[in-house]
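Heads up: the structure comes next, in structure tokens.
Counting starts at 1 for both ligands and their atoms, following the listed order.
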Amino acid sequence: MLAGKKGLVLGVANKRSLAFACARACAERGAEVALTCQNERFEQGARDLAATLPGASATAPVFRCDVTRDEDIASLTESIRSRWERVDFLVHSIAFANPEELKGRFRDTSRPGFSQALDISCYSLVAVARAVAPLMPSGGSVVTLSYLGGERVVPNYNVMGVAKAALDCAVRYLAYDLGPSGIRVNSVLPGPIRTLSASGVGDFSKMLDHVEQVSPMRRNVAADEVGDVVAFLASDMARGVTGAMIHVDAGYSVMGVAIGAPKDEETKGGVAS
Ligand code: NAD
């Protein structure tokens, strides 16, 4: 599905990172990937993870890129340009808000906390897409990871919800900007999955329990399920899709009133015959 394609995957912190699941899913479909991590703290771990990838990706380069630094984005682009003649897809799997902002009342969000969350979690997509687009002369695919908290209220998600709403909107504007160049821009919205970032969200375990109880599939999703959808969007199979938001959440987002399993399911289990 991705044989012969080259992709840059941003945001590997550790083995639980959705970025790594996306890199692995793409590499398993034949893509050659390059990874980024935020800083030195994550670099050796990202290199060790890269070595576990299949095919040409086993020697995947790992670049440091702090997306708040324009010079890091410029040097990342130069490093890629000197190594590859083109980039076919870009996966943006980066977000941050100060954990203090991810509990308590949204109205208490600080001005610096708001700016930081929006800068790292939304503006970075715009900056990176702009930098990488020239490396996609015959078109390409940009995929970012968003979350339902940008569309609905998720308690404690607070300023990250606002950042995700902005990210979703940026996806649509980028899709319009880059569409004439054959570059598609889409987002994947996973349900809650235990990762380093997720550990900063207040009551995260309660969210996992709730999704398991009330989602149509009565379970949470796994990182590889997210990676597979990202690989699809990166591939030519999704060549007619841009500006889209795809939920990978066991159906949770279709629920209106989420009151839990019907009584007969609790007692009998399984599907009624
Ligand atoms: P993660 O902590 O593994 O990944 C987040 C990454 O963002 C890390 O690699 C971190 O180093 C990076 N980052 C933060 N600030 C940065 C900066 N200034 N410059 C460069 N990189 C920076 O957690 P994750 O859950 O894999 O998160 C990846 C994406 O998935 C995020 O956009 C997150 O919002 C999204 N997402 C996660 C979940 C979930 O439940 N885990 C659900 C929906 C969406």
Among all protein heavy atoms, pick the one closest to [atom] and tell me residue, atom and distance.
{"atom": "atom 16 (C) of ligand 1", "value": "Gln38 CD, 3.4 Å"}
{"atom": "atom 3 (O) of ligand 1", "value": "Ser17 OG, 2.6 Å"}
{"atom": "atom 26 (O) of ligand 1", "value": "Leu18 N, 2.8 Å"}
{"atom": "atom 31 (C) of ligand 1", "value": "Ala95 CB, 3.6 Å"}
{"atom": "atom 28 (C) of ligand 1", "value": "Ser93 OG, 3.1 Å"}
{"atom": "atom 18 (N) of ligand 1", "value": "Asp66 OD1, 3.0 Å"}
{"atom": "atom 2 (O) of ligand 1", "value": "Ser197 OG, 2.7 Å"}
{"atom": "atom 19 (N) of ligand 1", "value": "Val67 N, 2.9 Å"}

Between Asp236 and Arg239, is there a salt bridge with N-O shorter than 4.0 Å?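 Here Arg239 does not pair with Asp236 in a salt bridge, since their nearest N and O are not under 4.0 Å apart.
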Presence of salt bridge, Glu225 and Arg219, under 4.0 angstrom: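 Yes, this pair counts.
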So, does [X] use its side chain to make a donor-acceptor pair with the main chain of [Y] at under 3.5 Å?
{"X": "Asn158", "Y": "Gly104", "answer": "yes"}
{"X": "Ser93", "Y": "Gly11", "answer": "no"}
{"X": "Asn186", "Y": "Ala244", "answer": "yes"}
{"X": "Arg29", "Y": "Ala231", "answer": "no"}
{"X": "Arg194", "Y": "Arg16", "answer": "no"}
{"X": "Lys103", "Y": "Gly200", "answer": "no"}

Does any N/O atom on [X] come nearer than 3.5 Å to any N/O atom on ligand 1?
{"X": "Phe96", "answer": "no"}
{"X": "Phe42", "answer": "no"}
{"X": "Ile193", "answer": "yes"}
{"X": "Lys164", "answer": "yes"}
{"X": "Arg16", "answer": "no"}
{"X": "Thr68", "answer": "no"}
{"X": "Gly11", "answer": "yes"}

Atom pair [atom1]/[atom2] of [X] and [Y] - distance to nearest 0.5 Å:
{"X": "Ile80", "Y": "Ser82", "atom1": "CD1", "atom2": "OG", "result": "8.0 Å"}
{"X": "Leu196", "Y": "Leu18", "atom1": "CG", "atom2": "CG", "result": "11.0 Å"}
{"X": "Ser57", "Y": "Arg24", "atom1": "OG", "atom2": "CZ", "result": "12.0 Å"}

Is it the case that atom CD in Glu40 sees more than 12 heavy atoms from other parts of the structure closer than 6.0 Å?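 Open.
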Which segment of [X] sits under 4.0 Å of ligand 1 when only heavy atoms are counted:
{"X": "Val12", "value": "backbone"}
{"X": "Cys65", "value": "backbone"}
{"X": "Ile120", "value": "side chain"}
{"X": "Thr195", "value": "side chain"}
{"X": "Ser146", "value": "backbone"}

Please state which option from Thr144, Ile94, Asp72 has its nearest heavy atom closest to atom 7 (O) of ligand 1.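 Among Thr144, Ile94, Asp72, the closest heavy atom to atom 7 (O) of ligand 1 belongs to Ile94.
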Less than 4.0 Å is my threshold; does some heavy atom of Gly191 fall inside it relative to ligand 1?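 Contact check Gly191 vs ligand 1: positive.
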Residues Tyr252 and His210: side-chain donor-acceptor under 3.5 angstrom: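 Side chains of Tyr252 and His210: pair found under 3.5 Å.
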When you look at Val162 and Phe114, which way does the side-chain contact (heavy atoms from CB on, under 4.5 Å) test go after all the steps? CA-CA 9 Å; Val162 177; Phe114 189 96; 3.9 Å; yes
Against heavy atoms of Leu196, which atoms of ligand 1 measure under 4.0 Å?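 Answer, ordered by atom number: 2 (O).
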Hey, which atoms in ligand 1 end up nearer than 4.0 Å to a heavy atom of Pro192?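 Under 4.0 Å from Pro192, ligand 1 has these atoms: 40 (O).
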